[in-house]
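To keep things clear, I will list the structure first and then write my remarks on it.
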Amino acid sequence: FDIKGLKKFNTPATPGTVLKKPMDGDVLLTPEKQTLYHSGVGKGMHMMQYSRPDTYNAVRDLARHMTKATQAHYDAMLRMMKYVDDTSDRVLVLNPTRKWDGNKEHEFIISGRSDSDYAKDTQTRKSISGYRVLLEDAPVMFKSSTQKSVALSVCEAEQTAGVLCAQDMLYVRHILKLMGLKVKLPMILEMDNKGAVDLANNWSDGGRTRHVDVRNYFLRELKDEGVLYIKHISGADNE
């Protein structure tokens, strides 16, 4: 991939934008160049999983156009590659804050943090979920994904992202339990939307949230069982 002549980028994708599906009349890549696009995005998917989670959102957007891409998509792929090449000193750091001494009574700490980008896709108006799960403050799961359905409010989009994060927190907990290890409860889930936090922490439903109350009850049940605690943090701290 010829990226040496490209200027330096500070982000893996253009901030505030989403790659659009080709419209009628748009010129698609040739089959040979589409194959090259496949290869480049595949390399990006490997890096985002194992060493460069900061590119996850950009690669997710690129991966949505594996069958029909235009030159704009190809240029966006080259930008992602140039960013990775220019920031090769950035890596996924696994640095737990506590050390396990082998004691089976040790309680491991699992925490999560979620966020969403409301109605980000201008063609479908679907929102984007982003979250990460930490084990002893070391990242063990992280994801950026397009939500499966259209959220009708910022609160609903944030709630959807929070539920996805909670599910993966439970997954990490189950793995540790299968290994005969203990987890400190409640696990802390941080969200920066006060409305979504308040919905998860009480048992009232209004007419505007009745259509998503299944997700609310899922989080509330975990809270009542002492498994999960949903905590509000400021948007500035939610990085």
Side-chain angles (χ1 to χ4, degrees), residues 1 3-4 6 8-19 37-64 66 76-101 106-117 120 128-147 161-179 181 183-184 187-192 231 233-239:
F1 297 92
I3 61 173
K4 293 301 182 182
L6 299 178
K8 185 174 182 178
F9 297 104
N10 295 321
T11 57
T14 304
T17 63
V18 173
L19 295 174
Y37 181 83
H38 286 179
S39 177
V41 176
K43 288 173 171 57
M45 294 175 73
H46 180 84
M47 288 186 293
M48 77 179 188
Q49 286 282 6
Y50 297 107
S51 63
R52 297 302 299 267
D54 53 330
T55 67
Y56 210 120
N57 191 54
V59 175
R60 172 202 59 77
D61 204 10
L62 291 168
R64 297 170 62 240
M66 296 293 266
M77 180 197 67
L78 294 181
R79 176 193 173 113
M80 179 273 297
M81 288 185 165
K82 185 64 165 60
Y83 167 79
V84 172
D85 187 55
D86 289 337
T87 57
S88 57
D89 58 333
R90 300 193 67 178
V91 294
L92 177 62
V93 178
L94 301 179
N95 186 26
T97 52
R98 297 195 304 169
K99 185 177 181 179
W100 182 41
D101 60 4
H106 177 87
E107 291 186 323
F108 288 85
I109 297 177
I110 298 173
S111 61
R113 183 175 290 182
S114 66
D115 201 359
S116 72
D117 203 344
K120 186 65 175 180
I128 309 298
S129 295
Y131 64 87
R132 58 103 175 105
V133 178
L134 302 181
L135 174 60
E136 297 291 352
D137 289 326
V140 291
M141 300 190 76
F142 39 84
K143 192 170 186 180
S144 172
S145 62
T146 304
Q147 295 183 2
V163 168
L164 292 172
C165 186
Q167 290 175 316
D168 275 354
M169 291 170 70
L170 292 175
Y171 174 73
V172 175
R173 180 193 177 210
H174 292 329
I175 289 178
L176 292 178
K177 289 180 67 177
L178 286 171
M179 296 169 64
L181 303 175
V183 174
K184 184 177 181 180
M187 300 181 292
I188 307 298
L189 169 59
E190 296 175 321
M191 304 167 65
D192 65 6
K231 177 182 177 181
I233 61 170
S234 69
D237 293 331
N238 194 14
E239 298 178 346

Under-4.0 Å salt bridge between Asp85 and Lys4: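 Here Asp85 pairs with Lys4 in a salt bridge, since their nearest N and O are under 4.0 Å apart.
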Note: Arg113-Glu190 ion pair, threshold 4.0 Å (strictly below):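 Here Arg113 pairs with Glu190 in a salt bridge, since their nearest N and O are under 4.0 Å apart.
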State whether the number of non-hydrogen atoms from other residues, nucleotides or ligands found under 6.0 Å of [X] atom [atom1] is greater than 12.
{"X": "Met45", "atom1": "CE", "value": "no"}
{"X": "His46", "atom1": "NE2", "value": "no"}
{"X": "Lys82", "atom1": "NZ", "value": "yes"}
{"X": "Phe1", "atom1": "CZ", "value": "yes"}

Leu164/Gln147 under side-chain contact (heavy atoms from CB on, under 4.5 Å): CA gap, chis, key distance, verdict: CA-CA 10 Å; Leu164 292 172; Gln147 295 183 2; 5.5 Å; no
Heavy-atom side-chain contact between [X] and [Y] under 4.5 Å:
{"X": "Val41", "Y": "Met80", "answer": "no"}
{"X": "Leu62", "Y": "Tyr37", "answer": "yes"}
{"X": "Arg64", "Y": "Val18", "answer": "yes"}

Val183: which of Ile175, Ile110, Leu135 passes side-chain contact (heavy atoms from CB on, under 4.5 Å):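 Among the candidates, only Ile110 passes.
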CA sep, side-chain torsions, deciding dist, call: Ser145, Arg60, side chain to side chain donor-acceptor pair (under 3.5 Å): CA-CA 7 Å; Ser145 62; Arg60 172 202 59 77; over 6 Å; no
From CZ (Phe142) to CG (Asp54), nearest 0.5 Å: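 It comes to 10.0 Å.
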Value rounded to 0.5 Å, distance of CE in Met169 from OH in Tyr131: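 Met169 CE to Tyr131 OH: 11.5 Å, rounded to 0.5 Å.
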Minimum-distance pair of heavy atoms, taken over all atoms of Gly112 and Cys165: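 Shortest heavy-atom contact: CA-SG, 3.8 Å.
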